[in-house]
Amino acid sequence: MTERIQVWVLLLLSQFTFTQIKGVVVDENNKPISYVNIWIENENSGTTSEQDGSFTLDIKNQDKNLIFSAIGYKKALTPFKEKIVLEKEVYQLDEVLVSSLKQTQELEIGYYESNGFRYSMGYFIDAIYFKPLLDEREKYPFLKEIKFKTKSKNKNAKVRIYLVEVNKDGSPSENLLSEELFLEVKKGNSKNVIDLSKFKISIPENGFFIVFEKLKIEQNKHFEEYYFKDKNGKKKFSSGLSYQPEIPLVPIDEQIGWNKRINNKWEKSEKTTIQNPNSFENFLMKKYHNKYLVPSVNITLTN
């Protein structure tokens with residue numbers, strides 16, 4: 001009987017055995033590519049390459065393919081190799097109508113809140129859709145700035161933000177409206193404002209997405225030790241790893257959020273459901289019940 005138990009325990013442990021692999025992502029000129037998204041095929045786990053292109057990843061099955069994705073490069077699906085080479089992507093640019101940027105009038109719209117958060121960005125890549133009304137777009141045709149909230153347990157945690165066009169099916173596209181932006185945010189609860197005036201971004205007729213991406217890099221790792229009580233009331237010790245910064249989410253009625261969970265593919269956000277939303281225990285959570293969650297963000301339009 002004891003032998004059977006030992007075999008069962010070994011089998012169980014083998015289910016959770018991971019191997020750490022290490023590699024580097026470079027371009028065709030052998031130059032490292034920073035902050036590449038790396039996913040395990042058909043799984044929701046992955047990592048991000050460091051500034052020097054290096055990466056480490058815990059993987060259970062080394063025979064699985066990895067997906068490498070970076071802005072400006074062709075996506076690669078390949079078995080693990082110590083050096084991954086990504087090819088440059090060539091985009092066909094649409095004709096752009098250039099008009100003068102006056103910045104004499106402004107309009108702020110969106111979903112920004114400053115406190116009272118109970119949810120944060122659960123995925124590593126979230127997108128929120130903005131489509132100003134026709135009269136707003138005619139009066140304020142340019143995007144001036146983005147304001148969003150962060151909560152961070154690390155000093156100088158880094159987040160990537162970029163703007164993309166909309167596909168015919170309503171999903172975020174790969175076509176950028178401007179260059180990607182990297183922002184180091186302060187420790188604690190912070191309001192962040194990014195001035196986009198220099199890009200002279202004209203609001204597309206069918207709207208656009210703002211994409212927020214948490215980077216799985218060493219700079220963003222946060223290890224936390226904590227105590228808790230088990231079901232018998234005994235005090236237990238544990239520790240956990242998270243990636244900073246957290247981007248707080250707010251509840252809304254519109255289904256305008258998208259996220260990436262598996263295979264680097266966009267999925268439309270679903271409503272949040274709270275069990276027993278009217279109970280006293282869930283008093284602070286009730287406002288999230290049967291709502292869609294999006295990042296706390298506003299945009300400012302200008303002429």
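Computation of the quantities below employed the complete heavy-atom set of this structure, encompassing side-chain atoms and omitting hydrogens, waters and symmetry-equivalent molecules.
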Task: Expected output: side-chain Thr48 to main-chain Leu215 donor-acceptor under 3.5 Å - done: no

TODO: Could you verify whether a donor N or O on one side chain and an acceptor N or O on the other, from Asn264 and Lys260, lie under 3.5 Å apart?
DONE: yes

- [ ] Answer yes if the side chains of Asn192 and Ser190 hold a donor-acceptor pair under 3.5 Å, and no otherwise.
- [x] no

Open item on the list: Could you tell me if Asn42 and Asn263 have a donor-acceptor pair between their side chains, going purely by distance under 3.5 Å?
Closed with: yes

Open item on the list: Checking the side chain of Asp169 only, and the main-chain atoms of Ser171 only, is there a donor and an acceptor separated by less than 3.5 Å?
Closed with: yes

Task: For Tyr35, the option from Glu213, Lys158, Arg160 that meets side chain to side chain donor-acceptor pair (under 3.5 Å) - done: Lys158

TODO: Could you go through the salt bridge (charged side-chain N to carboxylate O under 4.0 Å, His left out) check for Asp253 and Lys291 one step at a time?
DONE: CA-CA 6 Å; Asp253 294 316; Lys291 299 286 186 179; 2.5 Å; yes

Open item on the list: Counting C-beta onward and ignoring hydrogens, is there a side-chain heavy-atom pair between Thr150 and Glu246 closer than 4.5 Å?
Closed with: no

Task: Heavy-atom donor-acceptor pair, Asn220 side chain to Gln244 backbone, under 3.5 Å - done: yes

- [ ] Determine the minimum heavy-atom distance between Lys149 and Pro248, stating which atoms define it.
- [x] O-CD, 3.2 Å

TODO: State which residues pass side chain to side chain donor-acceptor pair (under 3.5 Å) with Thr302; sequence neighbours excluded, sorted by chain then number.
DONE: none

Open item on the list: Would you say that more than 12 heavy atoms from the other residues, nucleotides or ligands in this model lie under 6.0 Å from the NZ of Lys64, or not?
Closed with: yes

Open item on the list: Ring-plane angle category for Tyr111 and Phe130, please: parallel below 30°, perpendicular beyond 60°, tilted otherwise.
Closed with: tilted

Task: Pair Glu87 + Lys74, salt bridge at N-O below 4.0 Å - done: yes

Task: Closest heavy-atom pair and its distance - Asp52, Ser54 - done: OD1-OG, 2.6 Å

Task: Candidate pair Lys75 and Phe68, rule side-chain contact (heavy atoms from CB on, under 4.5 Å), full reasoning - done: CA-CA 6 Å; Lys75 188 181 297 183; Phe68 295 82; over 6 Å; no

Open item on the list: Does Lys147 have more than 12 heavy atoms from other residues, nucleotides or ligands lying within 6.0 Å of its NZ?
Closed with: yes

Open item on the list: Restricting to salt bridge (charged side-chain N to carboxylate O under 4.0 Å, His left out), what partner residues turn up for Glu145, sequence neighbours left out?
Closed with: none

- [ ] Establish, for the pair Lys216 and Phe124, whether the NZ or CZ atom is under 6.0 angstrom from the six-membered ring centre and no further than 45 degrees off its axis.
- [x] yes

